[in-house]
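Every heavy atom of this structure was used, including side-chain atoms; hydrogens, water molecules and symmetry mates were not.
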Amino acid sequence: MIDLKIADGVAEVVLNAPEKMNALDEAALSGLSSAYDDAAAAAARGEVRALLLRGEGRGFCAGRDISGVVPADDDVQGYLGGLVEPLLRKMSAFPAPTFAAVHGACLGVGLGLAIATDVVYVADNAKVGSPFANLGATLDSGGHWLFTERLGAHRTLDLIYTAELMGGAEAVRSGLFSRAMPADELLESTRAIVARAASGATGAFVASKELVASIRDRRLGLWESMAEENAAQAELCGSADYAEGFKAFQEKRKPVFRGTAT
């Protein structure tokens with residue numbers, strides 16, 4: 001079950017199947033995709049300026065729900081390529097800053113959800129890695145890219161071969177995610193940060209989000225990246241938020257941003 005709540009400029013998307021550690025079957029993936037569609041539509045109306053993804057219960061997301069899967073009949077390409085990848089692309093392109101609060105299990109498709117989110121905060125009790133050695137399967141949902149990019153080839157294969165899981169603090173020290181927090185502080189602290197982002201200059205945030213994605217995916221060098229920064233800044237300088245930011249600085253007060261790019 002997927003829940004969506006929108007209030008005060010924040011969309012909160014909740015994986016709400018705690019009895020199965022928020023594992024995702026085809027119906028849950030469809031529900032999650034619809035929640036992001038609804039949140040994006042609200043963002044287009046100016047009602048959403050940041051998004052928080054979290055899970056109910058003991059863990060964030062244990063991955064794919066394989067409880068009823070018969071391997072001989074499994075359309076794994078349809079599940080991963082037809083459902084998971086389009087969802088992760090949609091999440092990554094969400095038109096506002098996105099945050100995830102990750103506690104407990106964050107595995108398989110669950111790890112993919114984190115990869116597709118702009119900023120990930122993890123609880124100390126988070127468990128991240130590749131348990132697939134115990135299933136005769138391989139890491140999926142972008143996990144190979146994340147681990148190789150952040151940890152290097154040797155550590156990636158060590159995690160895959162051994163099926164050992166990293167705790168939240170180690171995942172942050174290793175550069176996988178942004179911050180680690182005590183589990184009992186994670187949600188409250190993340191909500192506070194998301195609320196601040198929702199009151200910020202959303203157009204500028206989205207411009208930075210697109211620049212970072214371009215640098216990552218196209219492997220831009222310094223001067224190519226700088227040229228794209230210049231173009232983005234030139235576009236933003238005609239916006240109401242840009243004018244408000246400069247005016248507030250000159251008047252020595254806190255800016256009040258509308259969250260638009262125009």
Before accepting this row, confirm whether a basic side-chain N of the pair [X]/[Y] lies closer than 4.0 Å to the acidic partner's carboxylate O.
{"X": "K90", "Y": "D37", "answer": "yes"}
{"X": "R219", "Y": "E149", "answer": "yes"}
{"X": "E56", "Y": "R54", "answer": "yes"}
{"X": "K209", "Y": "D118", "answer": "yes"}
{"X": "E210", "Y": "R216", "answer": "no"}

Got a sec: does the [atom1] of [X] have more than 12 other heavy atoms crowding it under 6.0 Å?
{"X": "D3", "atom1": "CG", "answer": "yes"}
{"X": "R253", "atom1": "CZ", "answer": "yes"}
{"X": "E188", "atom1": "CD", "answer": "no"}

Quiz prompt | Any donor-acceptor N or O pair under 3.5 Å, side chains D65, S67 | solution = yes

Practice problem: May I ask you to check if R155 and F147 form a cation-pi contact, with NZ or CZ under 6.0 angstrom from the six-membered ring centre and within 45° of the axis? | Solution: no

Quiz item: Taking all non-hydrogen atoms of both residues, which atom of A11 and which atom of A39 are closest, and how far apart?
Solution: CB-CB, 3.9 Å

Quiz item: Should L113 and F99 be regarded as members of a common hydrophobic cluster, given that ILVMFWY residues are connected when their side-chain heavy atoms come within less than 4.5 Å of each other, either directly or indirectly?
Solution: no

Exercise. Indicate, with yes or no, if V119 and L111 share a hydrophobic cluster defined by side-chain heavy-atom contacts under 4.5 Å among Ile, Leu, Val, Met, Phe, Trp and Tyr.
Key: no

N/O donor-acceptor pairs under 3.5 Å from side chains in residues 191-200, not counting sequence neighbours:
unit_1 : atom_1 : unit_2 : atom_2 : d
R191   : NE     : E12    : OE1    : 3.1
R191   : NH2    : E12    : OE2    : 2.7
S199   : OG     : R196   : O      : 2.8

